[in-house]
Undergrad: 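Input: one structure, supplied below.
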Amino acid sequence: MLTIHNLQKIYNGTTVVNLPELTINAGEAVGLVGNNGAGKTTLFRMLLDLIRPSKGEVQLKDVNVMQSDAWKSYTGSYLDEGFLIDYLTSEEYFKFIGDLHGLSGGDVAERLAPFTDLFNGEILNQRKYIRDYSKGNQKKIGIAAAALSNPELLILDEPFANLDPSSQIRLKNLLKKLREERRMTMFISSHDLSHVIDVCERIVILEKGQVVQDMQTTENTLQELETYFTV
Amino acid sequence: MLLTLLSHQWKAQLRSSIFQKSLVLNIILGLFILYFGSIFLLLGFGMHEILTKFHPGQNVIGIFNGALLFCFLIDLFFRFLMQELPVLAVQPYLHLPISKNRLVHYVLLKSIPSIFNLFPLLFFVPFMFTTVIPAYGTTTGLAWLAALFLVTLLNNFLLLYFKRLMSTKPLYTLGFGLAISLLMLLDYLHVVSLRAASEAVFGALFVTPWLAAVPLVLVVGAYLLNFYYLRAHTYPEELNLRKTAEASGRDITFLNRFGELGKLIELELKLIWRHKRTKSVVSLSVVFLFYGFIFYGKGTYLEGFAMLIFVGIILSGMPMFNYGQFVPGWQSAHFDGLLTQKNISPYQFYEAKYWMMVPVTVLAFVLTLPYGFFGSKIILINAATLLYNIGVNVFVIFFFSVYNKERLDLSKGATFNWQGVGASKFVMMLPAMLLPILIYLPFGLMGVPYAGIAALGGLGLLGIIFRKQLLQWSANRFIAHKYKLAAGFRQSN
């Protein structure tokens, strides 16, 4: 599904991301953990062709993301508020995204149904613009929009941040369900170790732009990660 | 304390990214201020002679006083359009041990040293020296000047008050505006004479100079009005004009017929309708439609061609220039989102912009058709410049659009808002406005001006015919620059 060859991003002589090789197979859910400044967001932006790599390439389904737009039709992503069209209402935004993927109004409603719990009655039918929602609710809108098209690949940057505890748990269950029912490949970064272990079967630790560990999740993983991050 | 606040404000100005980034912009701004300042100054010195020339044998000061009230009303109108409310970022100070009163005083006093209040002095002071003092003596002259300055300040505070009320009690503001319009109307219908009233009011100062205390009392009153209002509303969510807005506007089903393209246009229309800055760009564009009167009203310009071409380009092109100069910065807040969406290709992105600008430009052309009464030549030239605008200039704008890397904050008004205005804006205007004149010039010099007009229109037609290729070319440039654009937009200032 996703292959990275020799990917590097260098800002003013500092190497921010340096990944010689990384592969994610279809159906896999991979968690990306690492401290601030490890290069997680930069890496995600390169996956989505938002930043030009200094070197190397990112391939989705064996096609370089810089050369073709084909990946957009099967990739759903939400990194930050920059992905939201914040002067629309949430319904208008979902409809817009749905339209781009050729979904009817009924389809959109159906696809949003699993999100009812997560939305907690605070997202739909609010008659206000996205820019006026709280950070957490904006995040919910962004995640729902990313999953709306039933993408084969879902890329989320810190989906649990800014959410209240109940929402975090609901989101976690939702992501698991999406995996089981729709066989989505996921690439998720998070600072919340226990949540990300719950959702993902493989964890990649990034430090200073490099992969320092790449492991399958077992019952000991949480402990290992905690030991790793204890300074 | 006030001094500390002042120094903070000063730092905020000095360290704002716009100020630091663009030296060129500041120089141009300085030149503008110098230019208009010297015009005011010269007018002030020359007013005595101008008035004696046009109204020989009459009392110059009387005529001047007669026009004053009218000027102050117009001043109010322009302030309403352009003056920004001085919202000191009070939020970071509210929880500190600083009295509320002091903060409010600061916010209000800060509004005094603005261009609107100081520029009139450039005009009044010379007039006082050349005309009023020789006729009535120094004391009376100074009292007269003080009264005028106080009325300027009265305007300042009245306007701040009513503009601020606009968000909470719009009816008050509307009533205020209606009262002033009514006054103007009554004057026009000769029911009351603003001229006579103005002459009487300001003339009374020469008989009893201490009457200057009256505007003083009024200013204090207006100040207190502002003061008490602001003190009761120091909560950030009330001070900030940006409130949680109820969603408005519906889907425009008509546009659905055009598929993806219609969707993008609809999105853009919503963007315009739902942001302050874009809305003020629209109203500014409407004001520019009246620009023609300045030129067409004077017979001398109607003889030539070059000037009329320039005016024609501006008349139909101004909405497009105003809006287009920031493309694609309008989408800066959700640029990453657009780039990762399926079915939004750069070509479509530009195509949507193109099909937004064309109807607007044509509309501006139609609205300015009545200028044809000044001469049928105007219609011909404006039609040629219309074609040129939608065939060539639109692509000139697209060409420069890839250099607009600054994020725009759309919640602020457009007047005096220099965010996102860079040197490239001025460079962009040059080919857009001068090139058509240069194209015309050789024909004009050879004595076949109408062939020059035809050449302009023809070039425009060519552009319209090859628009697909030109749009593709714009899209390719966009693709080559998109990483830089996205990186720039991510930086919020």
Side-chain angles (χ1 to χ4, degrees), chain A residues 9 11 41-42 44-54 65-67 69-93 95-102 105 125-134 142 145-146 148-149 151 155 157, chain B residues 237 242-252 255-256 259-264 266-279 330-348 407 409-411 479-487 489-492:
Chain A
K9 182 67 195 178
Y11 283 118
T41 308
T42 310
F44 278 171
R45 288 204 172 120
M46 284 193 283
L47 300 186
L48 297 170
D49 193 30
L50 293 172
I51 293 181
R52 190 201 305 272
S54 309
V65 288
M66 289 176 71
Q67 266 141 35
D69 277 347
W71 58 272
K72 287 182 186 173
S73 57
Y74 58 83
T75 308
S77 54
Y78 182 73
L79 302 192
D80 52 36
E81 301 91 74
F83 280 54
L84 295 171
I85 304 180
D86 64 0
Y87 57 89
L88 296 180
T89 64
S90 55
E91 288 87 359
E92 283 173 337
Y93 183 58
K95 180 171 179 302
F96 175 71
I97 301 290
D99 281 340
L100 289 179
H101 290 276
N125 304 319
Q126 298 293 305
R127 300 218 21 99
K128 61 177 178 178
Y129 301 131
I130 294 178
R131 62 180 178 222
D132 295 325
Y133 282 88
S134 69
L148 196 63
S149 61
I155 296 179
D157 193 13
Chain B
E237 56 178 21
R242 211 201 97 187
K243 294 183 301 175
T244 303
E246 174 109 330
S248 65
R250 247 169 282 157
D251 294 348
I252 308 158
L255 286 169
N256 284 346
E260 310 286 341
L261 193 63
K263 294 254 152 37
L264 286 177
E266 182 186 342
L267 204 61
E268 189 111 11
L269 290 178
K270 278 180 183 162
L271 179 131
I272 293 172
W273 179 243
R274 292 175 182 183
H275 290 107
K276 192 175 172 198
R277 181 154 182 180
T278 43
K279 272 197 278 192
W330 300 115
Q331 272 81 17
S332 55
H334 53 273
F335 199 67
D336 282 354
L338 287 185
L339 286 184
T340 50
Q341 271 318 324
K342 180 196 178 192
N343 282 337
I344 303 179
S345 68
Y347 181 84
Q348 277 175 325
R407 189 185 173 102
D409 178 2
L410 302 185
S411 60
I479 293 168
H481 287 85
K482 72 175 179 182
Y483 300 106
K484 266 188 243 159
L485 288 170
F489 291 157
R490 259 177 238 132
Q491 263 149 26
S492 55

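Note that these values count all heavy atoms, side chains included, but never hydrogens, waters or copies made by symmetry. Reminder, nothing fancy here: chain letters follow the sequence lines and each chain counts from 1. Note that the structure is predicted; figures quoted are calculated from it, not measured.
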Undergrad: Give the member of Leu48(A), Ile97(A), Ile85(A), Val65(A) that has the highest number of heavy-atom pairs under 4.5 Å with chain B.
TA: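 Most heavy-atom pairs within the cutoff with chain B belong to Ile85(A).
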Undergrad: Gln341(B): which residues meet the side chain to side chain donor-acceptor pair (under 3.5 Å) condition with it, sequence neighbours left out?
TA: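 Testing Gln341(B) for side chain to side chain donor-acceptor pair (under 3.5 Å), a comparison that skips the adjacent residues, returns none.
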Undergrad: Indicate the atoms forming the closest heavy-atom contact of Lys72(A) with Ile344(B), along with that distance.
TA: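 Looking at all heavy atoms of both residues, the shortest contact is NZ-O, 4.3 Å.
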Undergrad: Drop me the distance from Phe96(A)'s CZ to Leu264(B)'s CG, to the nearest 0.5 angstrom.
TA: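 So the CZ of Phe96(A) and the CG of Leu264(B) are separated by 5.5 Å.
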Undergrad: Should Leu267(B) and Leu88(A) count as side-chain neighbours, where that means a heavy-atom distance under 4.5 Å?
TA: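 A side-chain contact under 4.5 Å exists here.
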Undergrad: Side chain from CB out, backbone as N, CA, C, O: work out which of these in Ala486(B) comes under 4.5 Å of a heavy atom of chain A, or both, or neither.
TA: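 Answer is side chain: those atoms of Ala486(B) sit under 4.5 Å from chain A.
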Undergrad: Kindly indicate whether the side chain of Arg45(A), heavy atoms from C-beta on, has any atom under 4.5 Å from the side chain of Asp336(B).
TA: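 Side chain of Arg45(A) against side chain of Asp336(B), heavy atoms only: contact under 4.5 Å found.
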Undergrad: Quick one: list whatever passes salt bridge (Lys or Arg N to Asp or Glu O under 4.0 Å) with Lys482(B), sequence neighbours left out.
TA: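 Asp49(A).
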Undergrad: Go through the steps for Asp99(A) and Glu260(B) under the test side-chain contact (heavy atoms from CB on, under 4.5 Å), then give the verdict.
TA: CA-CA 8 Å; Asp99(A) 281 340; Glu260(B) 310 286 341; over 6 Å; no
Undergrad: Enter the distance from Leu410(B):CG to Asp86(A):CG here, rounded to the nearest 0.5 Å.
TA: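 With rounding to 0.5 Å, CG (Leu410(B)) is 8.0 Å from CG (Asp86(A)).
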Undergrad: Identify the residue among Tyr93(A), Tyr78(A), Tyr87(A) that makes a ring-ring contact (aromatic ring centres under 6.0 Å, His included) with His334(B).
TA: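 When ring-ring contact (aromatic ring centres under 6.0 Å, His included) is applied between His334(B) and each of Tyr93(A), Tyr78(A), Tyr87(A), only Tyr87(A) qualifies.
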Undergrad: Would you name the heavy atoms of Arg274(B) and Arg131(A) that are closest together and state the gap between them?
TA: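 Looking at all heavy atoms of both residues, the closest pair is O-NH2, 3.0 Å.
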Undergrad: Would you mind checking which part of Leu50(A) comes under 4.5 Å of any heavy atom in chain B, side chain (CB onward), backbone (N, CA, C, O), both or neither?
TA: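 Both backbone and side chain.
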Undergrad: Please tell me if the side chains of Tyr483(B) and Met66(A) come closer than 4.5 Å, counting only heavy atoms from C-beta onward.
TA: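 Result yes, sub-4.5 Å side-chain heavy-atom pair found.
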Undergrad: Relative to chain B, which segment of Ser73(A) carries a heavy atom at a distance below 4.5 Å: side chain, backbone, both, or neither?
TA: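 Contact with chain B: backbone and side chain both.
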Undergrad: Need one label for Tyr74(A): side chain, backbone, both or neither, based on atoms under 4.5 Å from any heavy atom in chain B.
TA: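 For Tyr74(A), no heavy atom lies under 4.5 Å from chain B.
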